[in-house]
Amino acid sequence: MQGALALAGTAGAVLCLAGHLPGPVRHWAPHAIVLAVMALMVPRHPDPDVLLTGAAAIALACLWTAFAGCPARRPAAVADLAVMVVLTAATARTSHASGTHTAHGSPAWEPMSFLFLTGCWAVARAAAHLHARLGLIRPAARTARHRLPYRSLMLRESGGLVMVVSMAAMLA
């Protein structure tokens, strides 16, 4: 089951990347980093140190997107990348301490925490779309957003959803 969920997450990363291509490197490079890190999770027992390095790389990509990403897409992309940082770091922790219990005898990670994280991600994505609808972004960015092809938008949105949900399900 874990392998199928990791493949689904990788497929979601491919969809996200396909939604940003063709375009400037500064728009699609962060998603290429996420795809590379998702590919590291496909083996049955990924190395925790490699996953932590991948989480750090995604964190840098998140910062890059926050400061230099596409203005019309920035809030949603930052929400996607930020949750991927947390989920990748959590994957490193669970692969390092698989079967580990806390002092109280409960598992190291509770499934409800990942449902909470996915819910927070959904709220952040909804807030990003509301932010764009209310016109709180610069006018030049707003016109660029309206010219975005429907195919690219659907690839990005569906890819982000598949990637985050499969990662959360893999850890729950």
Side-chain angles (χ1 to χ4, degrees), residues 5-43 46-96 109 113-114 116-132 136-138 140-141 144-145 148-149 151-171:
L5 289 171
L7 283 175
T10 304
V14 168
L15 287 174
C16 279
L17 183 60
H20 286 87
L21 293 174
V25 174
R26 67 186 174 102
H27 293 182
W28 59 261
H31 300 284
I33 292 170
V34 171
L35 175 60
V37 173
M38 286 298 300
L40 293 174
M41 291 183 202
V42 173
D47 184 24
D49 294 332
V50 172
L51 289 179
L52 286 176
T53 304
I58 296 173
L60 289 175
C62 183
L63 287 174
W64 173 262
T65 302
F67 291 109
C70 175
R73 178 78 179 113
R74 190 175 296 154
V78 168
D80 287 348
L81 292 171
V83 78
M84 286 305 297
V85 169
V86 174
L87 288 172
T88 305
T91 302
R93 179 154 166 25
T94 57
S95 68
H96 177 63
W109 292 102
S113 63
F114 296 108
F116 175 73
L117 182 63
T118 306
C120 288
W121 169 79
V123 168
R125 290 298 306 267
H129 289 293
L130 182 63
H131 184 267
L136 300 175
I137 54 178
R138 295 190 310 259
R145 182 179 59 83
L148 187 66
R151 178 187 154 276
S152 294
L153 181 67
M154 290 309 298
L155 284 172
R156 291 176 187 178
E157 298 299 320
S158 63
L161 177 69
V162 168
M163 187 171 48
V164 170
V165 169
S166 65
M167 281 286 296
M170 190 168 54
L171 294 171

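What you are looking at is a predicted structure, and each value in this text was computed from that prediction instead of being measured.
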For residues 118-125, please give each side-chain donor-acceptor pair under 3.5 Å, one per line with the distance, not counting sequence neighbours.
| from | atom 1 | to | atom 2 | distance (Å) |
| --- | --- | --- | --- | --- |
| T118 | OG1 | F114 | O | 2.8 |
| W121 | NE1 | D80 | OD1 | 2.8 |
| R125 | NH1 | D80 | OD1 | 2.7 |
| R125 | NH1 | D80 | OD2 | 3.0 |
| R125 | NH2 | E157 | OE1 | 2.2 |
| R125 | NH2 | E157 | OE2 | 2.9 |

Looking at every heavy atom in both [X] and [Y], which two are closest together, and how far apart are they?
X	Y	value
L51	L40	CD2-CB, 4.5 Å
L87	V164	CD1-O, 4.0 Å
T10	M38	OG1-O, 3.4 Å
L15	G159	CB-CA, 3.6 Å
A8	V162	O-CG1, 3.3 Å
T65	A77	CG2-CB, 3.7 Å

From M84 atom CE to I33 atom CD1, the distance as rounded to the nearest 0.5 Å: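 With rounding to 0.5 Å, CE (M84) is 12.5 Å from CD1 (I33).
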So do R156 and H31 actually touch side chain to side chain, heavy atoms under 4.5 Å?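 They are not in side-chain contact.
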Any heavy-atom pair between the side chains of L81 and P30 that's under 4.5 Å? yes
Whether S166 side chain and G9 backbone form a donor-acceptor pair below 3.5 Å: yes
